[in-house]
Student: 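Before we start, here is the structure in question, set down as structure tokens.
From a predicted model like this one, the values you see are computed outputs, not experimental measurements. Chain A is the first sequence line, chain B the second, and so forth, proteins listed ahead of strands; every chain is numbered from 1.
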Amino acid sequence: MHDLKEIRKDFSTFEEALKKRLVNIDLNILKDLDIQNRDLIQKKELLEKEKKDISKSKDKSLFAKSKEISRSIDKLYEKQKKIRSDLEKILSNIPNTPHVDVPIGKNDNDNVEVTRSGEIPEFDFKPMSHYEIGEKLDMLDFDLATKTTGSRFVFVKKKLALLERAISNFMLDIHITKNGYEEISPPLLASENSMFGTGQLPKFENDQFEVKLDEGGERKFLIPTAEVILTNIVKDRIIGLNLLPMRFVASTPCFRKEAGSYGKDTKGMIRQHQFYKVEMVSIVEQTKCMEELERMTNCATGILDLLELPYRKVILCSGDMGFSAEKTYDIEVWLPSENKYREISSCSSCGTFQAVRMKTRYKNQKKETLFPGTLNGSGLAIGRTLIAVMENYQQKDGSIRIPKVLRPYMNNLEKISVN
RNA sequence: GGAGAGGUGGCCGAGUGGUUGAAGGCGCACGCUUGGAAAGCGUGUAAAGGGGAAACCCUUUCAUGGGUUCGAAUCCCAUUCUCUCCGCCA
């Protein structure tokens, strides 16, 4: 969410920045409400002062008047409350503005490749897709998932399940021991308020799985990414400078409705309602976002380097970024069966956008209270890493070689084949 | 599910109708002390909103929302969250 005070300073610049995101929002309404709001606040405060003075004076002859003032204040307050909630409604639906580094564009066609890395494997046979490999090995079972649950779920079985677990543990270990992240095993449900904090709500409710706890309390949602729960660790808090930067990592299941992607990636486990992901989150001083974004992206690509998988790094254009992001790098891994790169990680700086929503602040050196920057990135999507390993390491006989770094996590298994 | 207790500043914790934004402690910052550190001593240290070029001023805030009152952290009601005990269960 944008800080109204900041927007107010320069409406036109803000409007320009928003245009880059191709959103159509009439800022005149916002401007107008803001003026009305402040006007009402001033009137109300004037009356409050008067009332306060009477109460302090303890002059009985003025008590009746004080009561009258109370009624006027109530009226003003009702009006102001309505306007403020209108303001907040508008503000909470405005996406973050793009950082100056971000290329202007409409959609993923306008994203810009930054680097490529790794060798694209060559096969002397036609490489199979991960689901062909998996089904032949009887280690991926989509039909079974359809039977027990429904579409867009999968059973991963036997050695492939072990491989999936190995990938998760391997990534976590690297981030914890080499990259300075604190390991967290978080709740998989998030409150409505937490979902608001990171920007999933109110705008993207259709993508979320809501869970009924029949408590009558606050609504709860299955996390679409651990970003939600890890970032909200600092919700409603003022953080001491000595605690920054904070870096958290968790490996969790993620749940998404994938509304609006009907017909997309229906085959295989590229796009599921449930998938595992290792997620990194950083909370940093607001001046250090770009620095941290580079660092975090390197943590993600570092995993692919170790797994010896070919990938490229892409910077998303203004029109393709997520709601809360100010700058995003996607990392795309090579998938032989599709003969193209597919997203395996997305690292974003949200600037102060989420901090404002979460009411997270920190004290800087000058003891000023400021909103920190928040960043999140996959390090990496586990399901898609599994796919990438299967496809890039596949052998003519339908077996899969195991990347060297994963073998210690799999009893030194070198190859997955039938039986 | 049954019974009870409680939500106060960055944190802990006093405070039961009138300068209480709120004692005390911890933490933090600065200064003194020291060869340097620790300890010790001294000083300072809430947030949000509004106004102002600024100094600064004003309003609000003791879980949330209502109520009583000229006046509420303090009294009443509702909601919510947390903790303890019992039951149930991984």
Student: Counting heavy atoms from C-beta on, name the nucleotide in B/G66, B/C70, B/G50 closest to the side chain of A/Y77.
Tutor: B/G66
Student: Could you let me know what B/U80 is paired to, Watson-Crick or G-U wobble, both distances under 3.5 Å, or none if it's on its own?
Tutor: B/G7
Student: Taking atom C1' of B/U60 as reference, at what distance in whole Å does atom CG of A/N37 sit?
Tutor: 14 Å
Student: Please report, rounded to the nearest Å, how far the C1' atom of B/G9 is from the CZ atom of A/R237.
Tutor: 15 Å
Student: When both hydrogen-bonding distances must be under 3.5 Å and the geometry is Watson-Crick or G-U wobble, what is B/A38 paired with, if anything?
Tutor: none
Student: I want to verify a distance call: between B/G71, B/G50, B/A48, whose nearest atom is closest to the A/T369 side chain?
Tutor: B/A48
Student: How far, in whole Å, is B/A48 from B/G9 if one measures between their C1' atoms?
Tutor: 14 Å
Student: Need to verify one output field. Residue with the more 5' nearest nucleotide on RNA chain B, A/D74 or A/K67?
Tutor: A/D74
Student: In this structure, how many angstroms lie between the C1' atom of B/C28 and the CD1 atom of A/I239, rounded?
Tutor: 16 Å
Student: What contact category does A/R84 fall into here, base, sugar-phosphate, or nothing, at under 4.0 angstrom with non-hydrogen atoms?
Tutor: nothing
Student: Tell me whether the OP1 or OP2 atom of B/C58 has a side-chain N or O from A/K52 closer than 4.0 Å.
Tutor: no
Student: Which one is paired to B/U43, where only Watson-Crick or G-U wobble pairs with both distances under 3.5 angstrom count?
Tutor: B/A29
Student: Using a cut-off of strictly less than 4.0 Å, decide whether A/K49 has a side-chain nitrogen or oxygen near OP1 or OP2 of B/C58.
Tutor: no
Student: Just compare B/A46, B/U69, B/G18 and give me whichever is closest to any side-chain atom of A/K363.
Tutor: B/A46
Student: Which whole number of Å gives the distance between the P atom of B/U61 and that of B/G67?
Tutor: 14 Å
Student: Are any non-hydrogen side-chain atoms of A/K264 and A/I270 less than 4.5 angstrom apart?
Tutor: no
Student: What is the pairing partner of B/C85, taking Watson-Crick or G-U wobble pairs with both distances under 3.5 Å in any strand?
Tutor: B/G2
Student: Which whole number of Å gives the distance between the C1' atom of B/G24 and that of B/C76?
Tutor: 31 Å
Student: Kindly indicate whether a cation-pi arrangement holds for A/K203 with A/F323, taking the cut-offs as under 6.0 Å to the six-membered ring centre and within 45° of the axis.
Tutor: no
Student: Taking NZ from A/K359 and C1' from B/A63, how many angstroms apart are they, rounded to a whole number?
Tutor: 14 Å
Student: Looking at the side chain of A/R38, which of B/G49, B/C70, B/G51 is the nearest nucleotide?
Tutor: B/G51
Student: Using the ring of each side chain (for Trp, its six-membered ring), is A/F153 parallel, tilted or perpendicular to A/H273, with breaks at 30° and 60°?
Tutor: tilted
Student: What's the gap between B/G31 and B/G36 when it is taken at their P atoms, as a whole Å value?
Tutor: 14 Å
Student: Nearest to the side chain of A/E48, which nucleotide is it out of B/U60, B/A47, B/U69?
Tutor: B/U60
Student: Using the P atom on both, measure B/C26 against B/U19 and round to a whole Å.
Tutor: 27 Å
Student: Please determine whether a side-chain nitrogen or oxygen atom of A/K51 lies at a distance below 4.0 Å from atom OP1 or OP2 of B/C58.
Tutor: no
Student: As a test of reading the structure: which of B/U69, B/A47, B/G50 is closest to the side chain of A/R361, going by heavy atoms?
Tutor: B/A47
Student: Give A/K81 one of three labels, base, sugar-phosphate or nothing, depending on what nucleic acid heavy atoms sit under 4.0 Å from its own.
Tutor: sugar-phosphate
Student: Could you walk me through whether A/S282 and A/Y181 satisfy the side chain to side chain contact (heavy atoms under 4.5 Å, CB included) test, starting with their C-alpha distance in whole Å, then the side-chain angles of each, then the deciding distance to 0.1 Å, before giving a yes or no?
Tutor: CA-CA 9 Å; A/S282 301; A/Y181 287 86; 3.9 Å; yes
Student: Taking the side chain as every heavy atom from C-beta outward, state whether A/P408 and A/F170 have any atom pair closer than 4.5 Å.
Tutor: no
Student: For A/I54, which contact category applies under a 4.0 Å heavy-atom criterion: base, sugar-phosphate, or nothing?
Tutor: nothing
Student: Could you check which of B/G51, B/A47, B/G18 has an atom nearest any side-chain atom of A/Q42?
Tutor: B/G51
Student: Nearest whole Å is fine: how far is B/C70 C1' from A/I73 CD1?
Tutor: 12 Å
Student: With rounding to the closest Å, how many angstrom separate the C1' atoms on B/A22 and B/C86?
Tutor: 39 Å
Student: Given the P atoms of B/A38 and B/G15, what is the spacing between them in whole Å?
Tutor: 35 Å
Student: Counting side-chain heavy atoms from C-beta on, which of B/G50, B/G10, B/G18 comes nearest to A/I41?
Tutor: B/G50
Student: State whether A/K5 places a side-chain N or O below 4.0 Å from either non-bridging phosphate oxygen (OP1 or OP2) of B/G49.
Tutor: yes
Student: Assign A/S66 to base, sugar-phosphate, or nothing according to its heavy-atom contacts below 4.0 angstrom with the strands shown.
Tutor: sugar-phosphate
Student: Does the side chain to side chain contact (heavy atoms under 4.5 Å, CB included) test come out yes or no for A/L222 and A/Q274, once each step is laid out?
Tutor: CA-CA 10 Å; A/L222 283 167; A/Q274 176 194 328; over 6 Å; no
Student: Establish whether the base of B/G51 is bridged to the side chain of A/E45 by a donor-acceptor pair shorter than 3.5 Å.
Tutor: no
Student: Figure out the CG/C1' separation between A/D3 and B/G49, and round it to whole Å.
Tutor: 11 Å
Student: What is the pairing partner of B/A90, taking Watson-Crick or G-U wobble pairs with both distances under 3.5 Å in any strand?
Tutor: none
Student: Just how far is it from atom CD1 of A/I283 to atom CZ of A/R237, taken to the nearest 0.5 Å?
Tutor: 9.5 Å
Student: Let's test this: given Watson-Crick or G-U wobble pairing with both distances under 3.5 Å, identify the partner of B/C70.
Tutor: B/G18
Student: Can you tell me the distance, in whole Å, between the CD atom of A/E78 and the P atom of B/G66?
Tutor: 8 Å
Student: Let me know the distance between CD of A/E68 and P of B/G71, rounded to the nearest Å.
Tutor: 13 Å
Student: With rounding to whole Å, what would you report as the distance between B/C32 and B/A39 at their C1' atoms?
Tutor: 14 Å
Student: Surrounding NZ of A/K288 (heavy atoms of other residues, nucleotides or ligands, distance under 6.0 Å), is the total greater than 12?
Tutor: no
